[in-house]
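Heads up, the thing below is written out as structure tokens.
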Protein chains: 2
Amino acid sequence: MREKLEKYYSFVFEKELIDEIVQVGVYKKLRENEILVDLGDKMKGIPLLLEGAIKIVREDKNGEEILLYFLERGDTCASSFASAISNGKCGIRASAEKESEIIFLPKEKLDEWMLKYKSWRTFVIESYNIRLNEMMETIDSLAFMNMSERLYKYLTDKAQIMRETSLNTTHQDIAYDMHTSRVVISRLLKQLENEGKIKLHRNKIEILEF
Amino acid sequence: MREKLEKYYSFVFEKELIDEIVQVGVYKKLRENEILVDLGDKMKGIPLLLEGAIKIVREDKNGEEILLYFLERGDTCASSFASAISNGKCGIRASAEKESEIIFLPKEKLDEWMLKYKSWRTFVIESYNIRLNEMMETIDSLAFMNMSERLYKYLTDKAQIMRETSLNTTHQDIAYDMHTSRVVISRLLKQLENEGKIKLHRNKIEILEF
DNA sequence: ATTATTTTGTGATTTAGATCACTTAATTTA
DNA sequence: TAAATTAAGTGATCTAAATCACAAAATAAT
């Protein structure tokens, strides 16, 4: 734990803060598709992502969902932070897109560290900013882009996060994330393949052009 | 200034913090439609809203825009905070939806107060949370609602923020905010009128049902 | 190997919303 | 008061995406 923490966070946190995190943080390994936070959960702390990729989705009353963004190593879940601090409920679901490793930080420390460590304050504010910007990007795609553009962005974004040039996914899964139908995705994917941007396989999409 | 500050913020901030705000804050009155923050601006501080209503919109490269949310008294602009702290650019435009009063807080104090005042920390985190939640609501509308539902939500939300049951606006203005066309808005408004939810006038929409 | 299941492909149809083109009504300006 | 401008109404057409209804592969289960 300390090793990875230092690898990804030593340029973010002071040494003393890293020491504290090692002391109070709870290491957890998430298997693929494991749910980390569910709708309406009250958070007892926040996760610090060491390795892997976490998908954050929003769900409406009819159980339909839409992808908000992905988290990767170095990220934390701003929504959890919010929920942890204010004892409120979390309006999102977070699930591991692949095997991931996190450190769970107890909420008692969150405010304490705000006083003690400048790097923690910066990290928290930075995290919120990144998240706000991600949300704006999501709004941009929904408001200004057509399905084909959104789809291509989804594929390249996800590939980036997963650190792979191929995605192991089905058309139906993409449709869920983008809140549309499988038929639409299948047709647009075929179109992107004809344009030479991707190559389709069963359960797998190769991205040829970024 | 002190008077309004105490009226709306005395339950939020400690007395000492209010004193400091009075000392370093710059009071500003915004006339209707005045632009407070524009796309790409670097913020030298953040606005604290005393009175009025501020509209926050996002614009894409083609100059098309979409409403993100409104701010009302007691709110601050989280995007500005982000931008001010990190010296980055602001990805939004903020304009006064009606005559408003703000206090401009210099960015030098933002981090200093994080150390000194628990209430300031809470306020900053709370503001971010509120904004994240607003953004999620915006995403919900875009992803899950049809135009008619979005329109009705827009009207009732805006009326709430403006503290009026009638809105002085044109169909075209609504169309800009919702990133659609005037024709679509006109037809849906007529429909809502037929359903008895609103009453249409020239340059004015009465909301009959909330 | 045969059957069942999952994933993908594809035609046909429908629909919300976009776009075009123009009219009518209200308000402002000259 | 007449002309110009701005706001709103409305028919016609178009299109992206949704929906329905299957067929055809690929893979997994028996």
Side-chain angles (χ1 to χ4, degrees), chain A residues 32-33 60 62-67 138-155 158 166-207, chain B residues 32-33 60 62-67 138-155 158 166-207:
Chain A
E32 194 172 329
N33 296 319
D60 81 342
N62 311 320
E64 307 189 273
E65 53 175 69
I66 179 110
L67 173 72
T138 306
I139 289 173
D140 284 352
S141 346
L142 286 168
F144 304 130
M145 289 160 79
N146 64 25
M147 274 288 172
S148 180
E149 295 170 311
R150 280 179 59 204
L151 176 57
Y152 187 60
K153 177 169 160 46
Y154 171 90
L155 295 173
K158 184 159 174 181
S166 294
L167 300 176
N168 292 302
T169 179
T170 67
H171 301 183
Q172 183 61 70
D173 284 340
I174 299 176
Y176 285 140
D177 280 354
M178 293 183 55
H179 191 248
T180 178
S181 74
R182 198 270 311 163
V183 180
V184 169
I185 294 297
S186 289
R187 286 188 172 129
L188 292 175
L189 281 173
K190 184 56 71 183
Q191 202 179 289
L192 288 175
E193 186 175 45
N194 292 336
E195 293 169 13
K197 294 181 178 167
I198 60 173
K199 181 104 182 55
L200 298 176
H201 310 267
R202 190 183 169 90
N203 286 321
K204 186 176 156 193
I205 299 172
E206 258 182 273
I207 291 145
Chain B
E32 194 173 330
N33 296 319
D60 81 342
N62 312 319
E64 306 188 273
E65 51 176 70
I66 180 111
L67 173 72
T138 306
I139 289 173
D140 284 352
S141 341
L142 287 168
F144 305 129
M145 291 161 76
N146 64 24
M147 274 288 171
S148 180
E149 294 169 311
R150 279 179 60 203
L151 176 55
Y152 187 61
K153 177 168 161 44
Y154 171 90
L155 295 173
K158 182 159 177 182
S166 294
L167 299 175
N168 292 300
T169 181
T170 67
H171 300 184
Q172 182 62 69
D173 285 339
I174 300 176
Y176 285 140
D177 280 354
M178 292 182 58
H179 191 247
T180 178
S181 74
R182 199 268 313 163
V183 180
V184 169
I185 294 297
S186 290
R187 285 187 174 128
L188 292 175
L189 281 172
K190 184 58 68 183
Q191 203 179 291
L192 288 174
E193 186 175 45
N194 291 338
E195 293 168 15
K197 294 182 177 167
I198 61 174
K199 180 106 181 54
L200 298 174
H201 310 269
R202 189 187 168 91
N203 286 320
K204 187 176 154 193
I205 300 171
E206 258 182 272
I207 291 144

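Note on naming: letters A, B, ... go to the chains in the order of the sequence lines (proteins, then strands), and numbering restarts at 1 for each one. This structure is a prediction, so every number in the text was calculated from the model and none was measured.
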Original post:
Checking A:Glu193 side chain against A:Leu200 main chain: does a donor-acceptor pair fall under 3.5 Å?
Top reply: yes
**OP:** Starting from the 5' end of DNA chain D, give me the residue, A:Asn146 or A:Asn203, whose nearest nucleotide shows up first.
**Re:** A:Asn146
**OP:** With side chain to side chain donor-acceptor pair (under 3.5 Å) as the test, would you mind laying out the steps for A:His179 and A:Glu65 before giving the verdict?
**Re:** CA-CA 6 Å; A:His179 191 248; A:Glu65 53 175 69; over 6 Å; no
**OP:** Report yes or no: does B:Asn62 contribute a side-chain atom to a donor-acceptor pair with the main-chain N or O of B:Glu64 at less than 3.5 Å?
**Re:** no
Original post:
Do the side-chain N or O atoms of B:Lys190 get closer than 4.0 angstrom to the phosphate oxygens (OP1, OP2) of D:dG9?
Top reply: yes
Original post:
Rounded to the nearest Å, what distance is computed from the CG atom of residue A:Asp173 to the C1' atom of nucleotide C:dT8?
Top reply: 13 Å
Original post:
What integer distance in Å separates B:Gln172:CD from C:dT27:C1'?
Top reply: 18 Å
Subject >> Atom-to-atom span, CD1 of B:Ile185 to P of D:dA7 - whole angstrom >> reply: 15 Å
Original post:
Does D:dA7 have OP1 or OP2 sitting under 4.0 Å from an N or O in the side chain of B:His201?
Top reply: no
Original post:
So what does B:Ser181 touch, heavy atoms closer than 4.0 Å: a base, only the sugar-phosphate, or nothing?
Top reply: base
**OP:** Report the C-alpha separation of B:Leu151 and B:Leu189 in whole Å, then their side-chain angles, then the decisive distance to 0.1 Å, and conclude whether the side-chain contact (heavy atoms from CB on, under 4.5 Å) test is met.
**Re:** CA-CA 8 Å; B:Leu151 176 55; B:Leu189 281 172; 3.9 Å; yes
**OP:** Using heavy atoms to find the nearest nucleotide of DNA chain C for A:Arg202 and A:Val183 separately, return the residue whose nucleotide is more 5′.
**Re:** A:Arg202
Original post:
Contact class for A:Ser148 (heavy atom, under 4.0 Å): base, sugar-phosphate, or nothing?
Top reply: nothing
Subject >> Length of the CD-P vector between B:Gln191 and C:dA16, whole Å >> reply: 10 Å
Subject >> A:Leu151 CG - D:dA16 C1' separation (whole Å) >> reply: 14 Å
Original post:
Hey, is the side chain of A:Thr180 poking within less than 4.0 Å of OP1 or OP2 on D:dA18, counting only N and O atoms?
Top reply: yes
**OP:** Please name all residues satisfying side-chain contact (heavy atoms from CB on, under 4.5 Å) with A:Asn33, sequence neighbours left out, ordered by chain then number.
**Re:** none
**OP:** Take the protein atom NZ of A:Lys204 and the nucleotide atom P of D:dT27, then report the distance between them rounded to whole Å.
**Re:** 12 Å
Subject >> Euclidean distance, atom CE of residue B:Met178 to atom C1' of C:dG17 [Å, nearest integer] >> reply: 11 Å
Original post:
Whole Å only: how far is the CG atom of B:Asn168 from the P atom of D:dA8?
Top reply: 11 Å
